[in-house]
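To start, the structure under review is shown below, and the notes come after it.
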Amino acid sequence: MITYQEIKNNENIRTYIRKADEALVALGYTEHSFAHVTKVAEDAGRILTVLGYDERQVELVKIAGYMHDIGNLVNRVEHSQSGAVMAFRILDKLGMEAEDVADIVAAIGNHDEGTGKPINAIAAALFLADKSDVRRTRVRNREISTFDIHDRVNYSVEMSDLTVDKEKGEIRLEIRIDTEYSSVSEYFEIFLTRMIQCRRAAEELGLHFRLIINDVTLM
C-alpha cells in the first residue's frame, strides 16, 4: 500500500507542489507550499484519528491533504478539479489500489468552497483542515501599506487552533485576530462561504462546527 510518507518523499510530487506555489506567487496569493500542505495533511489526519477512523482512512486523508493544491500548477480557477485529475494519474501510475485512488481524488476534487461538497469523511476532514489554515506566516507581501484584504486578514491572525472534541460532538476553530490589521467583519467578508461549508463538513462527520474569534462564538 502507498503510504503518506512515500508520497511526501516523492520528488515528482514535491516538484508539482513547488511549481504550483510558484504560480500562486506570480498571482499574489498567500503561501500554498510545503508548510500549508503539510499542516493540512497532519490536521486532517488528526481529525479522523480523534474520531476513531481506521488507520488506512487516516493515511488516505493525509495523502489527499498533501496533494490537494497541485492543481494550482494548471490554473487557480477550478484548481480542485485539475488537482484531482493530476492526483489520479500520479497515484494510478504508482500502483495505488483503485478504491484508495477514488477516495483521494474525490476529496481533492471537492475541497474548493465554491463547487465542492463534503461527500464523505475524507473530503470533510480535508475541507476543515484546509480552510482553518489562516495565519500570519502565509502572507508573502512584507509591505503592510500595500496589503489587500486577504493579506490583512491572514496577517491579523495571531492564533488559529482547530480542536476536535469527540465528547461534546463538536469541532472548534478558535482564532485570535489583531484588529489593528483587520476587523472581524473583514474575516467574514472573505471567508463566510468557507465557514458555512465547514459547518456542512462537520455535519458529515457527525459534529457541530463552532467558530470562535477573540473569545466570541460567532457560529
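Within 6.0 Å of CZ on Phe191 lie more than 12 heavy atoms contributed by other residues, nucleotides or ligands. By the 6.0 Å contact criterion, CG on Asp215 is open, its count of non-hydrogen atoms from other residues, nucleotides or ligands being 12 or less.
Salt bridge status for Arg18 with Asp21: absent, with no side-chain N to carboxylate O gap under 4.0 Å.
Hydrophobic cluster membership differs between Ile70 and Val85, with clusters built from Ile, Leu, Val, Met, Phe, Trp and Tyr side chains linked at under 4.5 angstrom. No continuous path of ILVMFWY side-chain contacts below 4.5 Å connects Val77 to Tyr16, so the two sit in separate hydrophobic clusters. Ile119 and Leu51 fall into different hydrophobic clusters, where Ile, Leu, Val, Met, Phe, Trp and Tyr residues are linked whenever their side-chain heavy atoms come under 4.5 Å apart, directly or through other members. One hydrophobic cluster, built from ILVMFWY side chains closer than 4.5 Å, holds both Val134 and Ile149. Under the 4.5 Å side-chain contact rule for hydrophobic residues, Ile2 and Ile108 share a cluster.
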Could you walk me through whether Phe209 and Gln197 satisfy the side chain to side chain contact (heavy atoms under 4.5 Å, CB included) test, starting with their C-alpha distance in whole Å, then the side-chain angles of each, then the deciding distance to 0.1 Å, before giving a yes or no? CA-CA 10 Å; Phe209 177 70; Gln197 287 288 63; over 6 Å; no
Start with the C-alpha gap between Ser82 and Asn75, add the side-chain angles, then the distance that decides, and say whether side-chain hydrogen bond (donor to acceptor under 3.5 Å, both in side chains) holds. CA-CA 8 Å; Ser82 301; Asn75 197 296; over 6 Å; no
Applying side-chain hydrogen bond (donor to acceptor under 3.5 Å, both in side chains) to Thr163 and Asp161, what does each step give before you reach the verdict? CA-CA 6 Å; Thr163 302; Asp161 183 55; 2.9 Å; yes
Report the C-alpha distance between Asn110 and Phe127 in whole Å, list the side-chain angles of each, state the deciding distance to 0.1 Å, and finish with yes or no for side chain to side chain contact (heavy atoms under 4.5 Å, CB included). CA-CA 8 Å; Asn110 279 280; Phe127 192 94; over 6 Å; no
Decide yes or no on side-chain hydrogen bond (donor to acceptor under 3.5 Å, both in side chains) for Tyr155 and Glu180, but give the supporting numbers first. CA-CA 10 Å; Tyr155 193 82; Glu180 178 184 348; over 6 Å; no
Applying side chain to side chain contact (heavy atoms under 4.5 Å, CB included) to Leu218 and Met195, what does each step give before you reach the verdict? CA-CA 10 Å; Leu218 300 171; Met195 295 300 99; over 6 Å; no
Let's go through Leu205 and Tyr53 carefully: what are the C-alpha distance in whole Å and the side-chain angles of both, what is the deciding distance for side chain to side chain contact (heavy atoms under 4.5 Å, CB included) to 0.1 Å, and is it a yes or a no? CA-CA 10 Å; Leu205 295 169; Tyr53 284 81; 3.8 Å; yes
Let's go through Glu203 and Arg200 carefully: what are the C-alpha distance in whole Å and the side-chain angles of both, what is the deciding distance for salt bridge (Lys or Arg N to Asp or Glu O under 4.0 Å) to 0.1 Å, and is it a yes or a no? CA-CA 5 Å; Glu203 289 169 355; Arg200 291 171 180 159; over 6 Å; no
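Contact check for His36 versus Lys39: no side-chain heavy atoms found under the 4.5 Å cut-off. At least one side-chain heavy atom of Asn9 sits under 4.5 Å from a side-chain heavy atom of Gln5. Residues Tyr181 and Val139 fail the side-chain proximity criterion, which asks for heavy atoms closer than 4.5 Å. Side-chain contact between Gln81 and Asp112: absent, with no pair of heavy atoms (C-beta onward) separated by less than 4.5 Å. The shortest distance between side-chain heavy atoms of Ser160 and Leu173 falls below 4.5 Å. The shortest distance between side-chain heavy atoms of Asp130 and Arg194 does not fall below 4.5 Å. The shortest distance between side-chain heavy atoms of Lys131 and His111 falls below 4.5 Å. Contact of the Val153 side chain with the Ile190 side chain is registered, since non-hydrogen atoms from C-beta on lie closer than 4.5 Å.
In this structure a side-chain-to-backbone donor-acceptor pair under 3.5 Å is present from Arg140 to Thr30. Using modelled atom types, one side-chain atom of Asn214 and one backbone atom of Ile177 make a donor-acceptor pair closer than 3.5 Å. A donor-acceptor pair is defined here as one N or O able to donate and one able to accept, closer than 3.5 Å; no such pair exists between the side chain of Asp92 and the backbone of Phe88. Judged by distance alone, the side chain of Thr3 and the main-chain N or O of Glu59 form no donor-acceptor pair under 3.5 Å.
Note: His32 and His68 fail the aromatic proximity criterion, with ring centroids not under 6.0 Å apart.
Atoms CG and CG, from Asp133 and Leu128 in turn, are 13.0 Å apart once rounded to the nearest 0.5 Å. Atom NE2 of His79 sits about 4.5 Å away from atom CG of Asn72, to the nearest 0.5 Å. Rounding to the nearest 0.5 Å places CZ of Arg56 at 9.0 Å from CD1 of Ile122. To the nearest 0.5 Å, atoms NZ (Lys166) and CG (Leu207) are separated by 10.0 Å. Rounding to the nearest 0.5 Å places CD1 of Ile7 at 5.5 Å from CG of Leu94. To the nearest 0.5 Å, atoms CD (Glu97) and CG (Asp100) are separated by 5.5 Å.
Ring planes of Phe34 and Tyr66: tilted class, angle from 30 to 60°.
Heavy atoms only, all atoms of each residue included: Leu48 and Ala121 are closest at CD2-O, 4.0 Å.
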